[in-house]
Amino acid sequence: MTLALPAAARVEAEIAKVVVGQKEPVAELLAAFLASGHVLLEGVPGVAKTLLAKALSRALDLRFGRVQFTPDLMPSDIVGTTVYRPDRGTFELRRGPIFVEVLLADEVNRTPPKTQAALLEAMEERQVTLDGERQPLPGTFFVIATQNPVEYEGTYPLPEAQADRFLLKVRVEYPAAAEEVEILRRTALGQDVHDLVAAGVSPVVSREELSALKTTARSLKVAPQVLEYVSRLVRASRELPRARLGASPRAGVGLLSVARARAALLGAEWVSPEDVKAMAAPALRHRFLLRPEAELEGATPDDLVAELLESVEVPR
């Protein structure tokens, strides 16, 4: 997926100043943002997941916050609390780090379910409740939650119903050989990716452009046959022999929304079946549960997505 609109191309170019490769995750993150969803970012340590989130927020000129999830993290550590000020004899509301526009929930599977639930509630409602008062979150509130797929000791894996709250599950893979050499070359030249300003990453999209892109993504035309295609994909996912649980109607709505966002990023005037197919894996992979025999065979959710796309006829 190539970002073709001028605004999207500028975002990709800025992120590429510090993140080598990873064009697919960048495009998927941007599509999720335009679709007003949230992303579960999965990859082994050291593949630039945190850097990707920071660079995206910098390029979009959005306020960024990061919370390192730990086993002792409490909901109030995220949403905030009311504290007593003895010098004034009053209580003061202290907002937590969730009150930003792009929140990186780092290693979300390391914190207990109660704290995970507080985050997921804020994602769904786009508000938090402090001392009985509702506190709205920014309209651009976007959560990027990371998790390590190979380490399970001391973790609290997200239940399937909670993982379903994320619009996309984006995989960040190891870089190719040439890309890894480029990373080392930049390091040898003294690039410090922790300092995005010094690395030259600048805001390149105005809030007006972001708002216009979101409006375009929401209003893009969808032909009846494309709607039918999304419906058939979702329904067929529940009938795959190797699937214990398939996609819900919410998954269908999510798939359609990110397909629209992809089409908008490509400058199209309507959503095509190719847009749906391109976003099927990130939109559906975390919504599949495999049967035990399929797991023993070494099958993965991505295998089921590929099987699904092969089994459902593409409209012409």
Side-chain angles (χ1 to χ4, degrees), residues 1-2 22-43 145 147 149 157-173 217 220-266 268 270-316:
M1 175 177 170
T2 303
Q22 309 298 1
K23 290 185 177 181
E24 197 71 19
V26 170
E28 292 170 355
L29 282 168
L30 193 52
F33 176 79
L34 292 185
S36 298
H38 305 284
V39 170
L40 187 59
L41 197 62
E42 187 173 89
Q147 65 177 8
L158 289 174
E160 289 75 15
Q162 292 189 357
D164 188 61
R165 297 288 179 179
F166 288 93
L167 179 59
L168 300 183
K169 182 178 182 179
V170 174
R171 293 192 185 281
V172 182
E173 307 290 352
L220 215 61
K221 298 175 183 177
V222 186
Q225 57 266 36
V226 175
L227 293 176
E228 179 67 23
Y229 181 49
V230 173
S231 175
R232 286 189 284 116
L233 283 173
V234 171
R235 295 180 67 82
S237 73
R238 305 165 199 158
E239 300 170 2
L240 291 176
R242 295 191 291 176
R244 179 160 56 93
L245 181 68
S248 66
R250 177 166 56 196
V253 172
L255 176 56
L256 177 62
S257 67
V258 290
R260 265 182 154 173
R262 179 185 190 269
L265 287 169
L266 294 174
W270 59 83
V271 181
S272 73
E274 287 305 313
D275 295 316
V276 176
K277 290 178 65 177
M279 301 308 299
L284 300 179
R285 61 165 57 108
H286 56 303
R287 294 178 162 113
F288 273 117
L289 283 184
L290 275 65
R291 294 188 181 276
E293 55 270 27
E295 292 180 345
L296 289 174
E297 293 170 1
T300 66
D302 280 14
D303 294 332
L304 268 63
V305 173
E307 182 181 334
L308 178 66
L309 293 175
E310 285 290 327
S311 65
V312 177
E313 183 180 358
V314 180
R316 297 181 181 275

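In what follows, residues are counted from 1 in the order of the sequence shown.
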If every non-hydrogen atom of Val234 is compared with every non-hydrogen atom of Ala247, which pair is closest and at what distance?
CG1-O, 3.6 Å
Show your reasoning for whether side chain to side chain contact (heavy atoms under 4.5 Å, CB included) applies to Ser237 and Leu284.
CA-CA 9 Å; Ser237 73; Leu284 300 179; 5.6 Å; no
Atom CE in Met279, atom CD in Glu274: separation rounded to 0.5 Å?
13.5 Å
How close do Ala236 and Val312 get, counting heavy atoms only, and between which atoms?
CB-CG2, 3.8 Å
Return the CD to CZ distance between Glu307 and Arg242, rounded to the nearest 0.5 Å.
5.0 Å
Any Lys/Arg nitrogen of Asp302 or Arg171 sitting under 4.0 Å from an Asp/Glu carboxylate oxygen of the other?
yes
Between Pro282 and Glu28, the two heavy atoms sitting closest are CG-OE2, 3.8 Å
Please check if atom CZ in Arg238 has more than 12 non-hydrogen atoms from other residues, nucleotides or ligands closer than 6.0 Å.
yes
Tell me, with the steps shown, if Gln147 and Lys169 meet side chain to side chain contact (heavy atoms under 4.5 Å, CB included).
CA-CA 10 Å; Gln147 65 177 8; Lys169 182 178 182 179; 4.2 Å; yes
Derivation of the side chain to side chain contact (heavy atoms under 4.5 Å, CB included) call for Leu233 and Leu309:
CA-CA 7 Å; Leu233 283 173; Leu309 293 175; 3.9 Å; yes
Value rounded to 0.5 Å, distance of CD in Glu297 from CZ in Arg291
12.0 Å
Sub-3.5 Å donor-acceptor pair from the side chain of Arg260 to the main-chain atoms of Ala35, do we have one?
no
Could you report the tightest heavy-atom contact between Val271 and Ala259, atom names first, then the distance?
CG1-CB, 4.0 Å
CG of Leu290 to CG of Asp303: how many Å apart, nearest 0.5 Å?
8.0 Å
N/O donor-acceptor pair under 3.5 Å between Glu295 side chain and Thr300 backbone
no
Any heavy-atom pair between the side chains of Val226 and Ser272 that's under 4.5 Å?
no
Taking all atoms of both residues into account, what is the closest heavy-atom pair of Leu265 and Ala27, and its distance?
CD1-O, 4.3 Å
Shortest non-hydrogen separation from Glu313 to Arg232 and the atoms involved:
O-NH1, 3.2 Å
Calculate, to the nearest 0.5 Å, the distance between atoms CG and OH belonging to Leu255 and Tyr229 respectively.
9.0 Å
Measure the CG-CG distance between Leu240 and Leu308 for me, rounded to the nearest 0.5 Å.
5.5 Å
Taking the side chain from Arg287 and the backbone from Asp164, do they hold a donor-acceptor pair closer than 3.5 Å?
yes
Please determine whether side chain to side chain contact (heavy atoms under 4.5 Å, CB included) holds for the pair Phe33 and Leu29, giving the CA-CA distance in whole Å, both sets of side-chain angles, and the decisive distance to 0.1 Å.
CA-CA 6 Å; Phe33 176 79; Leu29 282 168; over 6 Å; no
